[in-house]
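See below for the structure under consideration.
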Amino acid sequence: MRLLLLSDTHLPRRAKELPAPLLAELPRADVVFHAGDWVDTATLDLLERLSRRLVGVHGNNDGPALRARLPEVAYAELGGLRFAVVHETGPAQDREARCAARFPDADVLVFGHSHIPWDTTAPTGLRLLNPGSPTDRRRQPHCTYMTATVEDGRLDDVLLHRLPPR
C-alpha cells in the first residue's frame, strides 16, 4: 500500500496551486494523509476528488468551513498499522515522549504545523512523521512532502521528497 503524506499547504496564501510533482503522486497513492493547515476548502475538495482515500485533519489556520468537515485528530488502520494524524504536537523538545503518551495506541503519527520535516521513533516504537510543506518552506531549504509504503504490518520506504524552487 502506497502512502502520500503532506501538510501545511496554505493555499492560496503561500502558493496558488499544489506543485505538479505532488499532484503526479496522487494517482499512485492508495491513501493520502494531510496534517492540516489547508486554509481553503478548494484544496480539500481537490484531494477528496483525486484521492482513493483521504485522511485529514484541520490545523490552526483552518477556519470554520474546514473545521466543520475535518476532525482535530484522525485515526486509520492500514495494513496492520495504526495511524494517528494531528496538526500540532508542540515544541520539538520531548516531542517523542509527549506524543507517545498522547497516542499510546498508534504505531505511526503524522503531524504538521512546523513546516520542518521530521522522522523519529519514540522509545515506545511510535514513529513520528512530519512531511514539511509542499508550498511554504519557511526556514527550510526546500518545500517537501513524503511517501511511504505499508506492507505486512511494516512501514517501509519512507522518503522525503524535495520540490524544485518555484
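Each residue takes its place number in the sequence, starting with 1. Remember, predicted model here, so these are calculated numbers, not experimental data.
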Report summary line: Minimal heavy-atom distance between Thr41 and Ala65, with the atoms involved, is CG2-CB, 3.8 Å
Query raised in the report: Distance from Leu18 atom CG to Cys143 atom SG, nearest 0.5 Å?
Result: 11.0 Å
Query - Residue list, side chain to side chain contact (heavy atoms under 4.5 Å, CB included) with Arg28, at least two apart or on another chain - result: Arg2, Glu25
Report task. Answer yes or no: is there a donor N or O on one side and an acceptor on the other, between the side chain of Trp38 and the main chain of Val57, under 3.5 Å? Result -> yes
Query raised in the report: How about His34 and His58: does a side-chain donor come under 3.5 Å of a side-chain acceptor?
Result: no
Query - Spacing of CG belonging to Leu26 relative to CZ belonging to Arg49, to within rounding of 0.5 Å - result: 10.5 Å
Query - Phe33 and Leu129, any side-chain heavy atoms less than 4.5 Å apart - result: no
Query raised in the report: Where is the tightest heavy-atom contact between Gly56 and Ala74, given as atom of each residue plus distance?
Result: O-CB, 3.9 Å
Query raised in the report: Around Glu17, counting heavy atoms of other residues, nucleotides and ligands shown, do more than 12 lie under 6.0 Å from its CD?
Result: no
Query raised in the report: Taking a hydrophobic cluster as the set of Ile, Leu, Val, Met, Phe, Trp and Tyr residues connected by side-chain heavy atoms closer than 4.5 Å, whether directly or through intermediates, do Leu6 and Val31 fall within one such cluster?
Result: no
Query raised in the report: Atom OG1 of Thr135 and atom CG of Leu11: how far apart are they, to the nearest 0.5 Å?
Result: 5.5 Å
Query raised in the report: Does any N or O in the side chain of Arg138 come within less than 3.5 Å of the main-chain N or O of Ile116, such that one atom is a donor and the other an acceptor?
Result: no
Query raised in the report: Is any side-chain heavy atom of Leu126 less than 4.5 Å from a side-chain heavy atom of Val108?
Result: no
Requested in this report: Could you check if a side-chain atom of Asp40 sits within less than 4.5 angstrom of a side-chain atom of Leu66, using non-hydrogen atoms only?
Outcome: no
Query - All pairs passing side-chain hydrogen bond (donor to acceptor under 3.5 Å, both in side chains) where residues 97-108 contributes a residue, at least two apart - result: Arg82-Asp107
Report task. Could you check whether the rings of Tyr145 and His161 sit parallel, tilted or perpendicular, using 30° and 60° as the cut-offs? Result -> parallel
Query - Test item: Thr121 and Glu96 side chains (from C-beta on) under 4.5 Å apart, heavy atoms - result: no
Query raised in the report: Is there a donor in the side chain of Asp157 and an acceptor in the side chain of Thr149, or the other way round, less than 3.5 Å apart?
Result: yes
Query raised in the report: Is Val158 reachable from Val150 through a run of hydrophobic residues whose side-chain heavy atoms are each under 4.5 Å from the next?
Result: yes
Report task. Please list, chain by chain and in numerical order, all residues satisfying side chain to side chain contact (heavy atoms under 4.5 Å, CB included) with Pro117, sequence neighbours excluded. Result -> Gln140, Thr144, Leu160
Query - Between CD on residue Glu72 and CD on residue Glu88, distance to nearest 0.5 Å - result: 9.0 Å
Requested in this report: Please answer: with hydrophobic residues joined when any side-chain heavy atoms are less than 4.5 Å apart, are Leu163 and Leu23 in the same cluster?
Outcome: yes
Query raised in the report: Under the side-chain contact (heavy atoms from CB on, under 4.5 Å) criterion, do His115 and His10 qualify, and how do the steps go?
Result: CA-CA 11 Å; His115 300 217; His10 291 272; 3.2 Å; yes
Query raised in the report: CG of Leu155 to CZ of Arg127: how many Å apart, nearest 0.5 Å?
Result: 5.0 Å
**Report entry** Test: Asp136 and Arg13 ion pair at under 4.0 Å
**Finding:** no
Query raised in the report: Just by distance, do the side chain of Asp94 and the backbone of Ala97 share a donor-acceptor pair under 3.5 Å?
Result: no
Query raised in the report: Is the shortest heavy-atom distance from the side chain of His87 to the side chain of Asn60 under 4.5 Å?
Result: yes
Query raised in the report: Charged N to carboxylate O under 4.0 angstrom, Asp62 versus Arg67?
Result: no
Query raised in the report: Would a 4.5 Å heavy-atom cut-off, applied to side chains only, mark Val85 and Leu109 as touching?
Result: no
Query raised in the report: Backbone N or O of Ser133 within a donor-acceptor pair of the Asp8 side chain at under 3.5 Å?
Result: no
Query raised in the report: Are Thr89 and His113 close enough that a side-chain donor and a side-chain acceptor fall under 3.5 Å?
Result: no
Report task. Taking the side chain as every heavy atom from C-beta outward, state whether Tyr75 and Phe83 have any pair of such atoms under 4.5 Å apart. Result -> no
Query raised in the report: Same hydrophobic cluster for Val86 and Leu70, using side-chain heavy-atom links shorter than 4.5 Å among ILVMFWY?
Result: no
Query raised in the report: Can we say Arg69 and Asp45 salt-bridge, meaning some charged N sits less than 4.0 Å from an Asp/Glu carboxylate O?
Result: yes
Query raised in the report: Is it the case that one hydrophobic cluster holds both Val55 and Met1, taking links as side-chain heavy atoms less than 4.5 Å apart, direct or via other members?
Result: yes
Query raised in the report: Any donor-acceptor pair under 3.5 Å linking the side chain of Asn130 with the backbone of Gly132?
Result: yes
Requested in this report: Quick one: pull up OG in Ser7 and CE in Met146 and give me the separation to the nearest 0.5 Å.
Outcome: 11.0 Å
